[in-house]
Peer 1: 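Before I ask anything, here is the structure I am working with.
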Amino acid sequence: MSDNKVKNTNKHEAVNEFNQTLKGESLTADAWKRLKKNKMSMFGLVMVALYALLASLAPILPIHAYDRQILDHQYLPPSLTKTAGELMIERQIDLIGRLMAKEKRSEMNEAEKERIAQMEYDVDHQTMVIDGKEILVHKMRYLLGTDDLGRDMLSRIIYGGQVSMAIGLIGTITSVIIGIVIGAIAGYVGGKVDYFISRFIEVMYGLPYMLLVIILMAIFGKNIFNLFIALSVVSWLTTARVMRGQIMSLKNSVFVEAARSMGASPGRIIFKHLVPNTLGIIIVYATLRVPAFIMLESFLSFLGLGVSAPYASWGSLIQDSMQGMTNFPWRLIWPAFAMALFLFSMNFLGDGLRDAFDPQSKNRV
Amino acid sequence: MTKYILKRFLGMIPTLLIITTVAFIIMRIAPGGPFDRERAIPPAVQANIEAKYHLDEPLIKQYFRYLGGIIRGDFGPSYKYKDQTVTDLISNSLPHSLLLGTLALMAATFFGVLAGIIAALNQNTWLDYTAMSIAVFGVSVPAFVIGPVLMLIFAMKLKILPTSGWITGPDGWKTVLMPLIALSMSYFASIARLSRSSVLEVIRSDYVRTAKAKGLSPTMIILKHVLKGAMLPVVSYLGIAYSGIITGSVVIEQIFRIPGLGRFFVQSSLNRDYTMIMGVIIVYSTVVILMNFLVDILYSFLDPRISYQ
């Protein structure tokens, strides 16, 4: 018996009638255990963390400025080893080679040779002042190539990701707050208010409400602030619905009755007692909203109604790449890949979180 | 039953009225008008233009004039496309959008349910994992990424599909393939996930066990019992899916240069072509609301537990 003596210091630990130690586990710890078992979700978590780190460290990373235009460096293909100058000369030789094939010559003429020599000289000597330092401009490297204005694709993707992720995050928070308030009121007050709000949500669900957002953006001007407003206005529906259900299931519980009998106002009951009890589930659903929000933002940017130059987002980068897609495929492939990987990870993480926190909701769309 | 259908049908009218009103109000409070130019127009000309389009009347009168027009199927003149009415423009472009959207919905439903059933019947095998990986991919990657990437691969590098064009010509069906795949991918994915989980639920139910015990062949069980039960969540999802497909077709039409309503929509939003935007919004909403209505009716046929009160 003495072996089984339990030190009851931890308040979560208890002893049952068979003298076995029962370690109480909080909902979060339990959920974390379930999440850890889900390999794809852990992959998602790591990837999302990596993206967030890259985006927030963007200003101190050794990458080019996202808006620096060097027109000589237009449309350079991605290369791990070659400098911008080498790629420029390569392209020139290729161009001359095609001209020679067309004119059926086997040798370069004098003017062409001179052009190449001039370029080789320029590559070794042309300088440019960047951040107060004079550097050989054509010795720069672009790992993921450049765009139509000679801007570095890698840094545009990272900074574009920053914009996309920020919009996803802040937009989600805004829409979740709207959803919490409306859903909580509908769930708690009930009756006519609830009927009206529920009907409204139903109607909005059935509508192509993105079209409204397009109109709002087109008419009130495209800037990031309007983008937030327009997207938040239409994306609180799901949160409100989940919140309403949660509140309705909680509002007749004992602690609410106790609060009510002590004379707490409805506002206090909702926001001090009910909302904190539902936050876990709400946060999980919010995680699933982030990729949806990023998709909405890039959808608008793709139509030219979202983020405007010189800023970029993943959507606007993909839109920009549509011109000259055959010749410069890297302009499409890398932003598309970066975006798809992030959304993929985010969805896996969100699904995993939902299964972990809310096991009954498995595989809902 | 008839009463239920009638009630649902009449229920669409207030919804449409609300949409029309909201669209009308947004248009009128929006800054800038369709006739704003860089240089100021002489006041007399401005007044003439406004009189021609009845913009000088009180708002409430304009609103009822507009409503009256819609009931007669007249959406007014386009402010930007001279000599054409909005009704003409819409009736020329809507069929293309409807064709694309409906094909996409049908493809997504058919292949989604198929993939869901296959995945569920082979749970935790490579078939299941493959189908579900494709599904998560489809949910994660937006249509405007899939579209250009498909175009790059199949039209520009492999040159087996045409880059643009819509239906006309001997190889017309080829022009439909890429827009269809790009548009339906994410709905295919959602439907596959939905039907997988509902099939998993249904095959463990008592009535399927009874059918098995009676000695019904597996194919018959799937066709007669599993499919029907598994279709319920899918059917209720179709309304939302169609609304999404309509929205998605706006970008798909831009990418593949399809002469549908979506391209007009973005263009007229940027031009502040008020009558055109409102016409498009009302038509799109009507299509989506009608679709939801059909889905509800279909649902009530499939699920006898629904009451029609």
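Proteins get letters first, then strands, A, B, ... in listed order; numbering begins at 1 in each.
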Peer 1: Give the member of B:Val145, B:Val266, B:Leu152, B:Ile246 that has the highest number of heavy-atom pairs under 4.5 Å with chain A.
Peer 2: B:Leu152
Peer 1: Of the backbone (N, CA, C, O) and the side chain (C-beta and beyond), which part of A:Met339 lies under 4.5 Å from a heavy atom of chain B, both, or neither?
Peer 2: side chain
Peer 1: Using a distance-only test with no angle check, is there a side-chain donor-acceptor pair under 3.5 angstrom linking A:Arg289 and A:Thr239?
Peer 2: no
Peer 1: Among side-chain atoms of B:Glu253 and B:Ser97, is any donor-acceptor pair under 3.5 angstrom?
Peer 2: yes
Peer 1: Between A:Tyr75 and A:Phe328, is the ring centre distance below 6.0 Å?
Peer 2: yes
Peer 1: Sort B:Phe265 into side chain, backbone, both or neither according to what part of it lies under 4.5 angstrom from a heavy atom of chain A.
Peer 2: side chain
Peer 1: Can you say whether A:Ser298 sits under 4.5 Å from chain B via the side chain, the backbone, both, or neither, judging by heavy atoms?
Peer 2: both
Peer 1: Against chain B, work out which of A:Ile333, A:Ile318, A:Leu303, A:Leu305 has the most heavy-atom pairs shorter than 4.5 Å and name it.
Peer 2: A:Leu303
Peer 1: Name the member of B:Val141, B:Ile255, B:Val251, B:Ile277 that forms the most heavy-atom pairs with chain A at distances under 4.5 Å.
Peer 2: B:Val251
Peer 1: Report the relative orientation of the aromatic rings in A:Phe342 and A:Tyr51; use parallel for angles under 30°, tilted for 30 to 60°, perpendicular for over 60°.
Peer 2: tilted
Peer 1: Is B:Tyr242 close to chain A through its backbone or its side chain, or both, or neither, when contacts mean heavy atoms under 4.5 Å?
Peer 2: neither
Peer 1: Heavy-atom distance under 4.5 Å to chain B: side chain of A:Met295, backbone, both or neither?
Peer 2: both
Peer 1: Which distance, rounded to the nearest 0.5 Å, do you find between the CG of A:Leu349 and the CZ of A:Phe344?
Peer 2: 13.0 Å
Peer 1: Can a salt bridge be assigned to the pair A:Arg151 and A:Asp320 using a cut-off of 4.0 Å between side-chain N and carboxylate O?
Peer 2: no
